[in-house]
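Below is one structure, written out as structure tokens, with a few remarks after it.
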Amino acid sequence: MKNQSITNNIDWSCVIIYSVLVLLGWLNIYSSSLSSMEGTSEKQFIFIALTIPLIFVVLFVDGKFYEKYASIIFGISLLSLIGLFAFGKTIAGQRCWYGFGSFTLQPSEFAKAATALALAKYLSDTQINLKYTNRQIQALAIVFLPVLLILPQPDPGSALIYSAFFLVLYREGLPSWYIWTGFSAILLFVLTLILQPQYVILLALLVIVFVYYKSRLADRNIVLSGILFTLITGFVLSVNYVFTHVFKQHHRDRFNILLGKTVDMKGIGYNTNQSEIAIGSGGFFGKGFLEGTQTKGGFVPEQHTDYIFTTVGEEWGFLGSLIVITLFVVLLLRIIYLAERQKTKFSRVYGYCVAGILFIHFFVNIAMVVGIFPTIGVPLPFFSYGGSGLWGFTILLFIFLKMDANKVNEW
């Protein structure tokens with residue numbers, strides 16, 4: 001009787017949007033792999049079929065299980081990431097998978113849900129107040145532990161997704177200077193790559209002086225302003241060293257192409273260039289299903305995975321792309337709405353984690369495909385080929401839908 005009530009209380013609008021996105025994703029995988037990746041759509045169909053029993057398992061597990069065992073789930077997830085260094089399978093220079101014959105499993109896709117559970121568990125403790133430094137450090141440690149294990153694989157794309165948790169932490173009381181510091185560091189880094197360091201330092205000095213004199217007299221602190229200027233100067237002067245000696249060559253190439261400092265249509269910029277051509281050729285209504293010339297010709301590498309949105313743009317055009325984007329936006333807004341109406345802090349925080357993770361994936365992938373973000377290897381949720389990604393996103397979403405359905409039993 002309990003399971004029946006949970007099924008009745010499930011948010012069917014999210015389930016329907018999820019199902020439509022998965023179906024549309026499979027159609028695009030079918031189209032993009034028809035000429036050059038035989039068997040890919042069949043494999044994805046099997047992955048999709050296996051999500052059905054997976055969803056039933058997630059929904060029929062008691063709702064309190066995810067909160068009670070969040071720390072254990074997180075610990076198992078970390079162990080699975082550590083195990084890659086000894087038992088992982090290397091593909092295209094990345095040691096991100098466990099190999100089981102012809103089948104591979106990528107634990108980082110499941111670590112996102114595990115981290116979301118662990119962070120929700122920690123923040124739901126009544127004693128936790130993110131105004132205190134020690135609590136901030138503990139919360140950030142939960143986020144950065146998997147990142148430190150993912151980066152050396154190397155998988156910067158998956159590591160980037162964990163920035164979504166900063167939005168959640170900010171929502172739950174993390175001081176805003178963390179967010180501003182991150183945005184400022186990114187801005188200073190990019191400006192230093194475009195301009196000479198001395199001009200960036202001068203610009204920073206002018207901004208600091210302007211803020212100093214615009215502040216209330218009681219808030220002015222010349223010592224703090226001097227320290228801030230010193231830190232900014234040191235950071236700006238270190239950018240070129242980091243860019244030259246820490247970044248790998250293909251990372252430098254991608255930034256140089258994005259910033260217009262290098263034009264390489266046949267080398268490192270080939271993917272983005274072909275992606276833009278494919279999307280642009282779709283026009284308003286698209287060329288039609290299975291009629292994309294760029295897709296048929298196999299001009300866009302990895303089109304069934306990270307660049308799957310190019311198939312949407314070419315074959316379905318601007319109108320089809322807008323429909324897909326709208327579906328994602330509606331799903332995100334619905335998750336946020338559901339998160340706000342949760343009766344427990346654990347469920348609410350987890351819901352925001354789900355929305356944040358899906359948003360970063362969605363935003364970065366499409367920005368990458370249209371050429372306004374460096375190519376970094378971030379899949380489009382429910383669209384990109386791969387069993388691990390599909391199952392990871394499915395588990396992430398349906399754990400929250402289970403929590404939402406169970407709220408009728410919460411007090």
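These numbers come from the heavy atoms of this one structure, side chains and all, not from hydrogens, waters or symmetry mates.
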Would you say that [X] contacts [Y] through its side chain, given a criterion of any heavy-atom pair below 4.5 Å between the two side chains?
| X | Y | value |
| --- | --- | --- |
| Trp316 | Asn28 | yes |
| Leu81 | Ser108 | yes |
| Tyr307 | Thr310 | yes |
| Ser158 | Gln106 | yes |
| His361 | Ile161 | yes |
| Cys353 | Lys112 | no |
| Leu169 | Leu140 | yes |
| Ser19 | Val15 | yes |

Over all heavy atoms of both residues, which pair between [X] and [Y] is shortest? Give the atoms and the distance, please.
| X | Y | result |
| --- | --- | --- |
| Ile360 | Leu160 | CG2-O, 4.4 Å |
| Leu78 | Leu149 | O-CD1, 3.8 Å |
| Pro146 | Thr115 | CG-OG1, 3.6 Å |
| Leu21 | Phe383 | O-CE1, 3.4 Å |
| Glu109 | Ser388 | CB-O, 3.5 Å |
| Gln153 | Leu84 | NE2-CD1, 3.3 Å |

Taking atom [atom1] as the centre, does [X] end up with more than 12 heavy-atom neighbours from other residues, nucleotides or ligands that are less than 6.0 angstrom away?
| X | atom1 | value |
| --- | --- | --- |
| Phe103 | CZ | yes |
| Phe56 | CZ | no |
| Phe318 | CZ | no |
| Tyr212 | OH | yes |
| Phe289 | CZ | yes |

Are the side chain of [X] and the backbone of [Y] linked by a donor-acceptor contact shorter than 3.5 Å?
| X | Y | value |
| --- | --- | --- |
| Thr233 | Phe229 | yes |
| Ser238 | Phe235 | yes |
| Ser384 | Pro379 | no |
| Lys89 | Arg95 | no |
| Glu340 | Ile336 | no |
| Asn365 | Asp306 | yes |

- Task: Report yes or no: do Gln44 and Tyr30 form a side-chain donor-acceptor pair below 3.5 Å?
- Result: no
- Message: Can you see whether Thr344 engages Ser347 through a side-chain donor-acceptor pair at a distance of less than 3.5 angstrom?
- Response: yes
Measure from the ring center of [X] to the ring center of [Y] and say whether it is less than 6.0 Å.
| X | Y | result |
| --- | --- | --- |
| Phe110 | Trp391 | no |
| Phe398 | Tyr18 | yes |
| Tyr178 | Phe166 | no |

- Test Leu237 against Thr192 for side-chain contact (heavy atoms from CB on, under 4.5 Å), laying out the working first. CA-CA 9 Å; Leu237 293 176; Thr192 306; over 6 Å; no
- Message: Just to verify, what does Glu172 make a side chain to side chain contact (heavy atoms under 4.5 Å, CB included) with, not counting sequence neighbours?
- Response: Leu123, Leu130, Lys345, Arg348, Val349
- Could you give me the CA-CA distance, side-chain angles and deciding distance for Tyr350 and Glu67, then say whether side-chain hydrogen bond (donor to acceptor under 3.5 Å, both in side chains) is met? CA-CA 10 Å; Tyr350 181 80; Glu67 181 175 3; over 6 Å; no
- Query: Any idea how Phe65 and Tyr69 line up, ring-wise: parallel (<30°), tilted (30 to 60°), or perpendicular (>60°)?
  - Reply: tilted
- Return the orientation label for the Tyr98 and Phe100 ring planes: parallel under 30°, perpendicular over 60°, tilted otherwise. tilted
Rounded to the nearest 0.5 Å, what separates atom [atom1] in [X] from atom [atom2] in [Y]?
| X | Y | atom1 | atom2 | value |
| --- | --- | --- | --- | --- |
| Phe359 | Ile335 | CZ | CD1 | 13.0 Å |
| Ile308 | Ile366 | CD1 | CD1 | 12.0 Å |
| Ile150 | Gln94 | CD1 | CD | 11.5 Å |
| Phe400 | Leu117 | CZ | CG | 12.0 Å |
| Ile29 | Phe45 | CD1 | CZ | 12.5 Å |
| Phe47 | Thr51 | CZ | OG1 | 11.5 Å |

- Verify side-chain contact (heavy atoms from CB on, under 4.5 Å) between Leu187 and Leu191, making sure each step is shown before the conclusion. CA-CA 6 Å; Leu187 180 62; Leu191 284 176; 3.9 Å; yes
- Item | With sequence neighbours excluded, residues passing salt bridge (Lys or Arg N to Asp or Glu O under 4.0 Å) with Lys287 | Glu314
- Message: If you apply the rule side-chain contact (heavy atoms from CB on, under 4.5 Å), what do you find for Val58 with Tyr66, and how did you get there?
- Response: CA-CA 10 Å; Val58 171; Tyr66 300 110; 3.5 Å; yes
- Query: Are Lys68 and Asp62 close enough, and set up right, to give a salt bridge (Lys or Arg N to Asp or Glu O under 4.0 Å), and what steps lead you there?
  - Reply: CA-CA 10 Å; Lys68 183 177 181 180; Asp62 183 70; over 6 Å; no
- Task: Under the side-chain contact (heavy atoms from CB on, under 4.5 Å) rule, what do Leu195 and Leu203 come out as? Steps first, then yes or no, please.
- Result: CA-CA 11 Å; Leu195 307 172; Leu203 179 62; 5.6 Å; no
- From the list Phe363, Phe309, Phe362, ring pair (Phe, Tyr, Trp, His ring centres under 6.0 Å) partner of Phe328 resolves to Phe362
- Residues which pass side-chain hydrogen bond (donor to acceptor under 3.5 Å, both in side chains) with Tyr132, listed by chain and number, not counting sequence neighbours: none
